[in-house]
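Notes for the one structure printed next.
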Amino acid sequence: MHTVLTIAGSDSSGGAGIQADIKTITAHNMYAMSAITALTAQNTTGVYGIQESTPDFVARQLDCIFQDIPPEAVKIGMVSNAEIIRIIVEKLKEYNAKNIVVDPVMVATSGSSLMKNDAAKALMTELLPIGTVITPNIPEAEVLSGYHIRNTQDMEQAAKKIASFVPGGILIKGGHLSDTADDLLYTHEASAWYRTARIENPNTHGTGCTLSSAIACNLAAGHSLTVCIQNAKDYISGALKANLNLGKGSGPLNHMWQEKGTCSF
């Protein structure tokens, strides 16, 4: 069985973060492990509290994982503290981790900030450069590039700027654009567009976590980066089309949409 590690924050409502990652990895028939960077008190309407793990405890979690069940791929999500970012980078280098997907989580779907200001520099200069691929959405790509992104041409310009300090692939997700939901994969060798019809579903809590975890699963399976992203997009499209409707705000996805239930109550 393929093994995948998620390093992220916990979502108490189960729609994003560690919980979304584990569901996604399980849906791909892979073995999920987790290192928790923070506990959050949140639900579909917003984030109401964050309790960070200590850097030392994050390090202990990673030591326990890599020394016993080494992951074939690593997904990194919410890391709101510069010291935790540095510990993660140190440990991933120490254990020669491969297939690293970094979702630069800065803002929740609800609009709540999830990253401290002092962590942004560490994210850009230390964590993003070790990623096999990074997966910013439009607001995050704007922060990373310093450009205002209004269309697909702006996405290309932003990707080129981000590539000046990120050697791996850059997947800018276009879901925040008004006229399209196309995603751009930019690498130093080539670029590719993923044309996708917008799915009308207001329940998008955890979509970024889910997509990045699905990419990590596909990397663990040995697929090329372009195939990984297409497979991950197909998976998340199905999860959105399943039209799960939970909560009073932006609800979660149906991560198990491919599974047919056998129980009746």
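A single hydrophobic cluster is not seen to contain both Ile18 and Leu253; linkage of ILVMFWY side chains at heavy-atom distances under 4.5 Å, directly or through other members, places them apart. Note on Ile22: it does not cluster hydrophobically with Val101, by side-chain heavy-atom contacts below 4.5 Å among ILVMFWY residues. Under the 4.5 Å side-chain heavy-atom criterion for Ile, Leu, Val, Met, Phe, Trp and Tyr, Tyr48 and Leu39 are members of distinct hydrophobic clusters. One hydrophobic cluster, built from ILVMFWY side chains closer than 4.5 Å, cannot hold both Val227 and Val4; they sit in different ones. In the hydrophobic clustering of this structure, Val143 groups with Leu184; members are Ile, Leu, Val, Met, Phe, Trp, Tyr whose side-chain heavy atoms approach within less than 4.5 Å, directly or through other members.
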- Task: May I have the step-by-step check of side chain to side chain contact (heavy atoms under 4.5 Å, CB included) for Glu94 and Leu62, ending in yes or no?
- Result: CA-CA 11 Å; Glu94 177 182 344; Leu62 293 174; over 6 Å; no

- Could you go step by step and tell me if Lys75 and Cys217 meet the side chain to side chain contact (heavy atoms under 4.5 Å, CB included) rule? CA-CA 9 Å; Lys75 173 266 171 82; Cys217 289; over 6 Å; no

- Applying side chain to side chain contact (heavy atoms under 4.5 Å, CB included), run through Asn203 and Leu244 and close with a yes or a no. CA-CA 8 Å; Asn203 297 310; Leu244 184 64; over 6 Å; no

- Task: Quick one: do Val89 and Leu92 satisfy side chain to side chain contact (heavy atoms under 4.5 Å, CB included)? Show the steps, please.
- Result: CA-CA 5 Å; Val89 172; Leu92 294 185; over 6 Å; no

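In this structure, CD1 in Ile138 is found 4.5 Å from CD1 in Ile149, a value given to the nearest 0.5 Å. The distance from the CD1 atom of Ile236 to the CG atom of Leu211 is 5.0 Å, given to the nearest 0.5 Å. Between the CD1 atom in Ile87 and the CD atom in Glu126 there is a gap of 11.0 Å [rounded to 0.5 Å]. With rounding to the nearest 0.5 Å, the separation of CD in Glu259 from CG in Asn254 is 10.0 Å. In this structure, OG on Ser213 lies 8.0 Å from CG on Asp103, to the nearest 0.5 angstrom. For the atom pair CE of Met155 and CD1 of Ile162, the computed distance is 10.0 Å after rounding to the nearest 0.5 Å.
Between Ala119 and Ser80, the closest heavy-atom pair is CB-O, 3.5 Å. Nearest approach of Gly17 to Cys209, heavy atoms of both residues: N-SG, 3.3 Å. Considering every non-hydrogen atom in both Ser12 and Gln42, the closest pair reads OG-O, 2.9 Å. Across all non-hydrogen atoms, the minimal contact from Ala159 to Ile170 is O-CD1, 3.6 Å. The two atoms that bring Glu72 and Ala220 nearest to each other are OE1-O, 3.7 Å, heavy atoms only. The two residues Pro104 and Leu123 have their closest heavy-atom pair at CB-CD2, 4.0 Å.
Although no hydrogens or angles enter the test, the distance criterion places no donor-acceptor pair under 3.5 Å between the side chain of Ser34 and the main chain of Thr6. Distance alone, capped at 3.5 Å, is enough to place a donor-acceptor pair between the Thr40 side chain and the Ser10 backbone. With hydrogens and angles ignored, the 3.5 Å screen pairs a side-chain donor or acceptor of Thr44 with a backbone N or O of Gly249. Between the side chain of Asp183 and the main chain of Gly174, a donor-acceptor pair closer than 3.5 Å is present. Proximity of a side-chain donor or acceptor of Asp154 to a complementary backbone N or O of Thr152 within less than 3.5 Å is not detected. Under the 3.5 Å distance criterion, the side-chain polar atoms of Lys91 are left unmatched by any main-chain donor or acceptor of Asp63. Using a distance-only test at 3.5 Å, with no hydrogens or angles considered, no donor-acceptor pair links the side chain of Lys121 to the main chain of Ala82.
Annotation: side chain of Thr3 is not in contact with side chain of Pro70 (no heavy-atom distance under 4.5 Å). Taking the side chain as every heavy atom from C-beta outward, Ile215 and Leu171 approach each other to under 4.5 Å. Under the 4.5 Å side-chain criterion, counting only non-hydrogen atoms from C-beta, Val166 is not in contact with Leu144. At least one side-chain heavy atom of His28 sits under 4.5 Å from a side-chain heavy atom of Tyr235. The side-chain heavy atoms of Ile36 and Phe57, taken from C-beta on, include no pair separated by under 4.5 Å. You'll find the side chain of Tyr186 stays beyond 4.5 Å of the side chain of Glu156, heavy atoms only. Between Leu128 and Phe165, some side-chain heavy-atom pair lies under the 4.5 Å cut-off. Using a 4.5 Å heavy-atom threshold, the side chains of Val58 and Val79 count as separate.
A salt bridge links Asp182 with Arg195: the closest approach of a Lys/Arg side-chain nitrogen to an acidic carboxylate oxygen falls below 4.0 angstrom. The existence of a salt bridge linking Arg86 and Glu83 is excluded, since no basic side-chain nitrogen approaches an acidic carboxylate oxygen closer than 4.0 Å.
Counting non-hydrogen atoms of other residues, nucleotides and ligands closer than 6.0 Å to OH of Tyr95 gives a total above 12. Atom CD of Gln153 is surrounded by more than 12 heavy atoms from other residues, nucleotides or ligands within 6.0 Å. Tyr194 OH: more than 12 foreign heavy atoms inside a 6.0 Å radius.
No side-chain donor from either of Asn99 and Thr132 sits under 3.5 Å from a side-chain acceptor of the other. A donor and an acceptor atom, one from each side chain of Thr37 and Glu52, are nowhere located under 3.5 Å apart.
A cation-pi contact, defined as under 6.0 Å to the ring centre and within 45° of the axis, links Lys161 to Tyr147.
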